[in-house]
Each structure stands twice: as C-alpha cells, then as structure tokens.
Amino acid sequence: MPELPEVEVVRRGLERWVAHRAIGDVEVLHPRAVRRHVAGADDFAQRLKGQRIGVPMRRGKYLWLPLEDTHTSVLAHLGMSGQLLVQPQQAPDEKHLRIRVRFTDGPDDPAAAGTELRFVDQRTFGGLSLHECAADSTDGLPDVIAHIARDPLDELFDDAAFHDALRRSRTTIKRALLNQSLISGVGNIYADEALWRAKVHYERPTAGFTRPRTAELLGHVRNVMAEALAVGGTSFDSLYVNVNGESGYFDRSLDAYGREDEPCRRCGTPMRRRPWMNRSSYFCPRCQRPPRASS
DNA sequence: CAAGGCTCCTGATAGC
DNA sequence: TGCTATCAGGAGCCTT
C-alpha cells in the first residue's frame with residue numbers, strides 16, 4: 001500500500017528514467033484508470049502525444065509530471081495497488097496493465113532507450129489524469145490537488161500551523177493524521193507506526209494535544225517515513241520503477257501494523273487490532289492507553 | 001462548514 | 001473440493 005515513502009521511490013525512478021522524454025503514442029487499456037480525466041480516455045491520449053515530460057514532483061501520496069512549455073501536468077495516484085513501471089517495449093504486458101505511454105526518443109541515459117512507461121493497477125483505485133496547474137504554483141502542482149497539505153518531509157511544512165489545526169479540531173489523532181488536508185502522505189500503516197512510537201492511542205482527541213506532544217509525534221512520523229524511504233531506496237537500481245506492496249521494505253520490521261497478538265517490542269504485552277473506519281488499528285494496550293470514555 | 005460514513009475494485013484467504 | 005464471505009484501504013463524495 002503505497003504511502004509517502006513508496007511514492008517518493010517511484011518519483012525518483014521516474015526522474016531517472018522518463019524525465020525530459022518526449023511522449024509518443026498513449027494507450028488506455030482500462031477506462032477506470034483515467035476516470036479523473038473528465039474528457040475521457042481518447043482526450044487523455046491525444047493531449048499527451050508530442051509533449052515533453054519535465055521533472056517529476058510529489059506532494060504526499062500524489063505525484064505529477066509537469067509537461068514542458070505548458071501549464072498542464074499529468075497527475076498520478078497509485079491508490080492501493082498502482083505501479084508505474086519502466087519496461088522494455090518488448091516485455092509482455094502485465095495482467096493488470098491499464099495505461100501504456102510510449103516515447104519518441106530516449107532519455108539522456110542511453111540505458112533507458114527502447115523503454116516505455118506502464119501504469120499497472122490490480123484494484124484500480126489509482127489512475128492518471130491531465131490537469132491545469134494551480135494558479136499560484138511554480139512547480140506545476142495540478143489544480144485538483146491544491147487542497148492537499150504539504151507533507152512532513154517537505155521543508156515548507158508548517159509544524160505550528162499543524163498543531164493549531166489539531167487544537168481547533170474536534171476529532172481524534174489518527175483521523176487527523178489520515179486527513180490529507182492537514183498533513184499529507186500518512187496512510188494507515190505509518191499512522192499506526194508513528195502512534196506506537198509516540199505511545200499515543202489512536203482515539204486520543206486532538207484538542208488536548210500540547211505543543212511538545214505534537215512535536216514528538218511529528219518527529220516520529222518523519223523518522224518512520226525516512227527509515228522506510230532509506231530501505232525502499234536501496235532496492236531501486238534496475239530498470240524498474242517499483243511500488244511493491246508484498247516485498248521490498250514491507251518485510252522490514254514494523255512495530256505495530258499487522259502485529260496482532262504478537263508481543264509489543266517495548267513492553268511485551270500482546271498487541272491488539274481494532275476495527276476502525278472500515279480498516280484496522282494496531283496498538284499496544286499498555287504503551288498506548290486509551291483516553292477516558294473510549295473503549 | 002466540519003466531521004464521519006459510504007463506496008469504488010480485485011485477489012488472497014478463511015470458513016463452511 | 002468448491003463455493004461464499006471477509007478483508008485490504010485512499011480519497012472523492014455524500015449526509016448529518
């Protein structure tokens with residue numbers, strides 16, 4: 001499940017393999033993969049043809065490819081299972097290949113010659129679309145994601161504003177961490193990991209957060225993401241821009257996510273799983289005490 | 001308007 | 001053995 005670190009690994013791969021390449025034919029094999037492109041699959045393909053890709057950018061879990069000499073960008077979201085792969089043109093189609101982007105020239109790196117970009121997505125929660133850039137953007141930020149907050153690895157992320165937002169909100173901390181308009185890039189896995197590290201229960205009301213507690217939690221969010229990024233980045237050395245939910249750094253040691261009934265790595269108490277917002281929350285019942293009036 | 005719930009989708013797995 | 005139910009979950013959209 002791609003969250004910020006995985007998406008950043010993909011962005012770096014795209015920067016290496018497809019930046020500054022000119023787009024040729026585009027093939028949309030499944031309409032759902034371009035459902036955010038309101039004008040439809042044919043329009044998407046025709047408008048991309050002949051454009052040159054700029055330097056890939058990312059905010060939270062979104063990434064985009066600015067199109068040089070235009071005010072438009074290709075927006076990409078991987079959803080649950082999306083992958084952006086750079087493959088040799090002759091490689092067999094993947095089972096869940098949704099979009100193919102051919103190029104009319106090679107990149108600076110001749111090793112990438114003869115390759116194409118493929119969007120592969122089993123569960124079709126992700127997709128590509130073409131958008132105008134936000135009016136005040138200098139980096140090609142698509143207008144449709146202008147509401148997405150900066151992510152905690154962005155140097156312009158405003159810690160004080162985030163704390164103030166927590167204090168103002170009548171919600172609980174995990175909901176806030178997953179609210180992409182407050183802080184972006186955090187998904188279910190890294191939320192549980194950061195909360196475990198901070199010894200904070202997922203249902204703790206945000207209104208009671210002190211400045212030091214917010215600062216500590218943000219530190220843990222940043223650390224767990226940086227560690228995951230470091231691991232994910234090491235495996236990226238081939239002609240393959242990968243998001244892999246099954247392997248890669250996912251088999252690194254997670255402290256909370258998926259560890260139901262296993263001993264807490266701090267205190268040994270069996271970890272618990274609770275149904276939460278149609279998904280699961282993993283936590284240590286001893287290290288992460290629930291707030292009063294909460295189960 | 002803020003907050004919370006619903007829904008899209010496919011494949012792995014559990015259970016009968 | 002083979003079917004059905006359950007789970008995974010990001011984020012737009014809808015309701016309250």
_For A:Glu94 and A:Gln83: C-alpha separation, side-chain torsions, deciding distance, then whether side-chain hydrogen bond (donor to acceptor under 3.5 Å, both in side chains) applies._
CA-CA 11 Å; A:Glu94 292 76 8; A:Gln83 296 175 298; over 6 Å; no

Of the candidate nucleotides [options], which contains the atom at the shortest distance from the side chain of [X]?
X: A:Gln180; options: C:dG10, C:dA11, C:dG9; result: C:dA11
X: A:Lys61; options: C:dG9, B:dG11, C:dG10; result: C:dG10
X: A:Thr124; options: B:dC9, C:dG10, C:dA8; result: B:dC9
X: A:His96; options: C:dA11, C:dG9, B:dT10; result: B:dT10

Any side-chain N or O of [X] below 4.0 angstrom from OP1/OP2 of [N]?
X: A:Tyr190; N: C:dG10; result: no
X: A:Ser280; N: C:dA8; result: yes
X: A:Lys95; N: B:dG11; result: yes

*May I ask you to decide whether A:Glu27 forms a salt bridge with A:Arg102, counting only side-chain N to carboxylate O separations under 4.0 Å?*
yes

*Using a strict cut-off of less than 4.0 Å between a Lys/Arg side-chain nitrogen and an Asp/Glu carboxylate oxygen, indicate whether A:Glu193 and A:Arg197 qualify as a salt bridge.*
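No, no charged N to carboxylate O under 4.0 Å.
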
Provide, to the nearest angstrom, the distance between the [atom1] atom belonging to [X] and the [atom2] atom belonging to [N].
X: A:Ile189; N: C:dG9; atom1: CD1; atom2: P; result: 6 Å
X: A:Leu78; N: C:dA8; atom1: CG; atom2: C1'; result: 16 Å
X: A:Asn179; N: C:dG10; atom1: CG; atom2: P; result: 13 Å
X: A:Leu166; N: B:dA3; atom1: CG; atom2: C1'; result: 15 Å
X: A:Leu97; N: B:dT10; atom1: CG; atom2: P; result: 15 Å
X: A:Arg167; N: B:dA2; atom1: CZ; atom2: C1'; result: 18 Å
X: A:Arg36; N: C:dG12; atom1: CZ; atom2: C1'; result: 8 Å
X: A:Gln83; N: C:dG10; atom1: CD; atom2: P; result: 17 Å

_Between A:Ser169 and A:Thr171, is the side-chain hydrogen bond (donor to acceptor under 3.5 Å, both in side chains) condition met? List the steps._
CA-CA 6 Å; A:Ser169 300; A:Thr171 188; over 6 Å; no

_Aromatic A:Trp196 / basic A:Arg266 pairing, under 6.0 angstrom, 45° off normal_ = yes

Sub-3.5 Å pairs of nitrogen or oxygen atoms, protein against nucleotides 4-8 of chain B:
{"unit_1": "B:dG4", "atom_1": "OP2", "unit_2": "A:Thr171", "atom_2": "OG1", "d": "3.0"}
{"unit_1": "B:dG5", "atom_1": "OP2", "unit_2": "A:Arg175", "atom_2": "NH2", "d": "2.6"}

*asked:* So A:His147, base contact, sugar-phosphate only, or nothing? Heavy-atom distance under 4.0 Å.
replied: sugar-phosphate

*Could you say whether A:Arg273 or A:Ile148 is positioned toward the 5' end of DNA chain C, judged by the nucleotide with the nearest heavy atom to each?*
A:Arg273

Give the table of side-chain donor-acceptor pairs shorter than 3.5 Å for residues 39-46 of chain A, with sequence neighbours excluded, one pair per line with atom names and distance.
{"unit_1": "A:Asp43", "atom_1": "OD2", "unit_2": "A:His37", "atom_2": "NE2", "d": "2.8"}
{"unit_1": "A:Asp43", "atom_1": "OD2", "unit_2": "A:Arg47", "atom_2": "NH1", "d": "3.3"}

*Which residue pairs pass the ring pair (Phe, Tyr, Trp, His ring centres under 6.0 Å) test with at least one member in residues 127-178 of chain A, sequence neighbours excluded?*
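Checked against ring pair (Phe, Tyr, Trp, His ring centres under 6.0 Å) - neighbours excluded - the pairs reaching residues 127-178 of chain A are A:Phe157-A:Phe162.
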
